[in-house]
Amino acid sequence: MSVKGCTIFGGTQGEWQVLSQKIIAGEGLPLVSHLHVGALEDSAWDHSAWKLRGVISNVRYVEKSERVALVAKQEGLGRPTANYGALLPIKKTQAWWDLTQDERRDIFEDQSKHIEANMKYLPNIARQLYHSRDLGEEFDFLTWFEYRAEDSDMFDEMIQAFRETVEWKYVQREIDFRLLKK
């Protein structure tokens, strides 16, 4: 999944088995048993129950020193031992998008400590953020994570901590998919 963009198909086939699909906020998606991650313009899986598209964009809300630290500690997706995963499609409120860039940065890092908190979970948990809002998709972000079975509790801790931040008060829709790579 190291492409510049991707389409995630939900259906009855795919390399990721859905262990659970939980609505955190807002409207859900039809229940599926598997996910397939394909190229952005992949149409071979159009028979799926649903599809979500996103692209890797420029890094936002991060200062240079933070980016250097993240890159130094973070590992990529696709590690052979990281056969557990999660997909969190997220849509934020219009109030979030009405804020200026510096106001969002203040909430993202100064108040919520998003980057600082994330550092303690690296390199155990690999992640990739796909932007969907500019593609006109129903979610703003597709947040993809991969980790080892023994890091499942760590992942749960990380997600729970993020959901308790000021930033998450701006989330109007979120679905939590937990996955196992076949």
Side-chain angles (χ1 to χ4, degrees), residues 1 6 8 10 16-32 35 37 50 52-54 56-57 59-63 66-67 69-70 73-75 77 82-134 137-181:
M1 200 158 103
C6 74
I8 300 172
W16 290 92
Q17 177 186 354
V18 176
L19 301 175
S20 67
Q21 180 176 335
K22 182 178 177 186
I23 299 169
I24 305 300
E27 184 183 334
L29 287 168
L31 293 175
V32 295
L35 298 184
V37 181
W50 49 258
L52 305 174
R53 297 178 328 127
I56 298 173
S57 184
V59 179
R60 301 169 192 180
Y61 317 127
V62 178
E63 295 177 354
E66 294 164 337
R67 182 179 175 143
L70 283 168
K73 195 169 181 185
Q74 182 171 273
E75 291 189 14
L77 301 176
N83 61 336
Y84 279 75
L87 168 65
L88 304 179
I90 294 173
K91 181 174 182 67
K92 292 200 173 175
T93 64
Q94 187 59 47
W96 173 261
W97 297 109
D98 289 343
L99 297 169
T100 63
Q101 180 90 357
D102 60 322
E103 290 171 318
R104 290 195 300 263
R105 162 64 192 196
D106 178 67
I107 293 167
F108 180 82
E109 188 55 32
D110 297 339
Q111 295 180 49
S112 298
K113 307 291 184 204
H114 194 102
I115 299 164
E116 181 182 316
N118 195 28
M119 291 296 286
K120 79 179 196 177
Y121 301 104
L122 299 175
N124 300 59
I125 299 168
R127 56 146 181 79
Q128 180 62 61
L129 180 66
Y130 294 94
H131 295 262
S132 301
R133 180 179 171 84
D134 292 341
E137 296 291 311
E138 61 184 302
F139 291 94
D140 296 325
F141 308 101
L142 307 177
T143 313
W144 186 270
F145 301 92
E146 293 178 7
Y147 50 93
R148 301 171 303 167
E150 56 265 32
D151 294 323
S152 293
D153 289 343
M154 179 186 286
F155 180 78
D156 289 338
E157 174 187 308
M158 179 186 79
I159 293 303
Q160 184 58 40
F162 284 141
R163 287 184 179 137
E164 294 172 0
T165 65
V166 174
E167 180 188 356
W168 246 255
K169 292 179 178 158
Y170 290 91
V171 172
Q172 77 176 41
R173 188 173 180 202
E174 177 186 0
I175 305 166
D176 186 324
F177 292 88
R178 299 300 171 98
L179 312 165
L180 176 64
K181 191 162 191 171

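The shown structure was predicted, so the numbers you read here are calculated from the model rather than taken from an experiment.
Between Ile159 and Tyr121, every side-chain heavy-atom pair lies at or beyond the 4.5 Å cut-off. Counting heavy atoms from C-beta outward, Val171 and Ile24 have side chains that stay 4.5 Å or more apart. You'll find the side chain of Trp144 reaches within 4.5 Å of the side chain of Val37, heavy atoms only.
For the pair Glu174 and Arg163, the salt-bridge criterion is met [side-chain N within less than 4.0 Å of a carboxylate O].
Taking every heavy atom of both residues into account, Leu88 and Phe177 meet most closely at CD2-N, 4.4 Å. The shortest non-hydrogen separation linking Tyr84 to Arg148 is CD1-C, 4.3 Å. Minimum interatomic distance between Tyr147 and Gly85 (heavy atoms only, all atoms of both residues): OH-O, 3.7 Å.
Results of the side chain to side chain contact (heavy atoms under 4.5 Å, CB included) test with Val18 over Val32, Leu180, Leu87 single out Val32 as the only residue that passes.
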Show the numbers, then the answer: is there a salt bridge (charged side-chain N to carboxylate O under 4.0 Å, His left out) between Glu138 and Arg173? CA-CA 10 Å; Glu138 61 184 302; Arg173 188 173 180 202; 2.9 Å; yes
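For the residue pair Gln160/Asp156, the side-chain donor-acceptor check at 3.5 Å is not satisfied. Side-chain N/O atoms of Asp140 and Trp97 include a donor and acceptor closer than 3.5 Å.
Ring pair Phe141/Trp96: centre-to-centre distance not below 6.0 Å.
The environment of CG in Asp102 is crowded: more than 12 heavy-atom neighbours from other residues, nucleotides or ligands sit within 6.0 Å. For CD of Glu27, the number of neighbouring non-hydrogen atoms (other residues, nucleotides, ligands) closer than 6.0 Å is 12 at most.
In this structure, Gln128 CD and Gln74 CD are separated by 7.5 Å, a value rounded to the nearest 0.5 Å.
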